[in-house]
Amino acid sequence: MKQFKVNNLFIMVLGLLLFASCQKDDDKNLPTDVKYNYLPGKYKITAIQSAQLIDLKGDGKLSTDLYRQMTEPIYIDKEKKAISYPVTDPGNILSEIRPVNGFGQQDIPLAIFWFPLPDIIQKLDGSQGWELDNYTSSSISCRYELDSEGNVKLADMKGDSRYPFNKINSLDRENLDIFKLYMTVNLFDFSINNWALTDVVITFERIG
């Protein structure tokens with residue numbers, strides 16, 4: 001009888017150890033976003049890429065790296081002098097994703113995405129045509145939902161009335177601190193001297 005009890009106790013302990021081991025293995029196999037599905041915070045822009053070559057500044061240089069175009073000064077070809085207007089750093093434009101839980105207005109599942117856009121004006125020297133005056137900030141706000149795998153679904157989008165053609169197509173999380181926003185944006189392309197709808201990918205990184 002004593003031997004039977006010892007055997008039963010041994011089997012129970014062994015079963016518990018095996019269950020704990022399997023549970024740990026399962027936890028290791030789970031994607032990080034499932035275990036730590038955390039999205040709220042403040043984010044900065046670290047990259048802006050367009051699907052097509054664009055000349056944002058009117059300097060004749062085409063590129064898909066819009067972030068670099070926005071941060072580099074414009075030079076006059078002959079004199080090699082920078083045009084005197086403040087160059088916007090997209091990294092200083094912060095977006096906010098608010099907490100999901102709670103009952104206050106600040107705690108609703110709300111995402112506010114800010115991004116820079118070129119401000120185009122008629123040439124100041126009186127000649128025909130357009131030129132870049134500066135960069136302005138625009139935003140799109142929306143509600144969001146998270147599924148069990150950390151995927152984000154956006155809804156009820158409200159954009160800037162000044163830019164009715166700009167829209168968010170989707171959001172893709174790279175990891176807990178980085179996500180990419182896939183957008184369609186109306187940009188002025190100096191290579192064709194006209195506005196053009198283009199797809200862009202904006203990368204955001206958590207700062208707080």
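What you are looking at is a predicted structure, and each value in this text was computed from that prediction instead of being measured. Worth knowing before you read on, the calculation uses all heavy atoms, side chains too, and leaves out hydrogens, waters and symmetry mates. Note that the numbering runs from 1 along the sequence shown for the chain.
Of all heavy-atom pairs between Ile140 and Gly159, the closest is CG1-CA, 3.9 Å. Between Ile54 and Gln69, the shortest heavy-atom contact is O-NE2, 2.8 Å. For the pair Phe204 and Ser95, the tightest heavy-atom approach, listed with the atom from each and the gap, is CE2-OG, 3.2 Å. Minimum interatomic distance between Pro118 and Tyr135 (heavy atoms only, all atoms of both residues): CA-CD2, 3.6 Å. Residues Gly60 and Asp55 share a closest heavy-atom pair of N-OD2, 3.0 Å. Nearest heavy atoms, Ser138 versus Leu117: CB-CD1, 3.7 Å.
Side-chain contact between Tyr67 and Ser50 is absent, with no heavy-atom pair separated by less than 4.5 Å. Side-chain contact between Met70 and Pro116 is present, with at least one heavy-atom pair separated by less than 4.5 Å. Two residues are said to be in side-chain contact when any heavy atoms from C-beta on lie closer than 4.5 Å; Leu39 and Arg173 meet this criterion. Taking 4.5 Å as the limit, some side-chain heavy atom of Asn193 sits within range of a side-chain heavy atom of Phe188. In this structure, Gln128 and Lys123 have side chains that are not in contact, with every pair of non-hydrogen atoms separated by 4.5 Å or more. No side-chain heavy atom of Ile121 sits under 4.5 Å from any side-chain heavy atom of Trp130.
Between the OG atom of Ser127 and the CD atom of Gln122 there is a distance of 10.0 Å, given to the nearest 0.5 Å. Between the CG atom of Asn169 and the CE atom of Met157 there is a distance of 8.0 Å, given to the nearest 0.5 Å. Separation of atoms OG (Ser63) and CD (Gln52) is listed at 12.0 Å; rounding is to 0.5 Å. From Lys180, atom NZ reaches atom OG of Ser170 across 11.5 Å, with rounding to the nearest 0.5 Å. Taking OG1 from Thr46 and CD1 from Ile178, the interatomic distance works out to 6.5 Å, rounded to the nearest 0.5 Å. Between Lys57 atom NZ and Glu131 atom CD the span is 14.5 Å, to the nearest 0.5 Å.
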### Task
Just do the side-chain contact (heavy atoms from CB on, under 4.5 Å) check on Val200 and Leu66 with the steps written out, would you?
CA-CA 9 Å; Val200 300; Leu66 303 188; 4.0 Å; yes

#### Entry: Evaluation steps, side-chain contact (heavy atoms from CB on, under 4.5 Å), between Asp189 and Trp195
CA-CA 6 Å; Asp189 183 357; Trp195 295 90; over 6 Å; no

### Task
List the steps and the verdict of side-chain contact (heavy atoms from CB on, under 4.5 Å) for Asn186 and Asn166.
CA-CA 6 Å; Asn186 197 29; Asn166 299 337; 3.8 Å; yes

### Message
Pair Phe113, Ser139 - check side-chain contact (heavy atoms from CB on, under 4.5 Å), show working.
### Response
CA-CA 5 Å; Phe113 303 108; Ser139 69; over 6 Å; no

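Note on Leu154 and Val201: separate hydrophobic clusters, where clusters join Ile, Leu, Val, Met, Phe, Trp and Tyr whose side-chain heavy atoms are under 4.5 Å apart, directly or indirectly. Residues Leu181 and Leu146 are members of one and the same hydrophobic cluster, defined by side-chain heavy-atom contacts under 4.5 angstrom among Ile, Leu, Val, Met, Phe, Trp and Tyr.
Checked against the 6.0 Å centroid threshold, Tyr163 and Phe165 do not count as a close aromatic pair.
With respect to Arg143 and Glu145, no salt bridge is recorded, no charged nitrogen being found less than 4.0 Å from a carboxylate O.
Each of Val152, Ile202, Ile97 was checked for a side chain to side chain contact (heavy atoms under 4.5 Å, CB included) with Phe179, and the lone residue meeting it is Ile97.
Within the structure, side-chain hydrogen bond (donor to acceptor under 3.5 Å, both in side chains) contacts touching residues 199-208 (residues at least two apart or in different chains) are Tyr43-Arg206, Asp177-Arg206, Thr184-Asp199.
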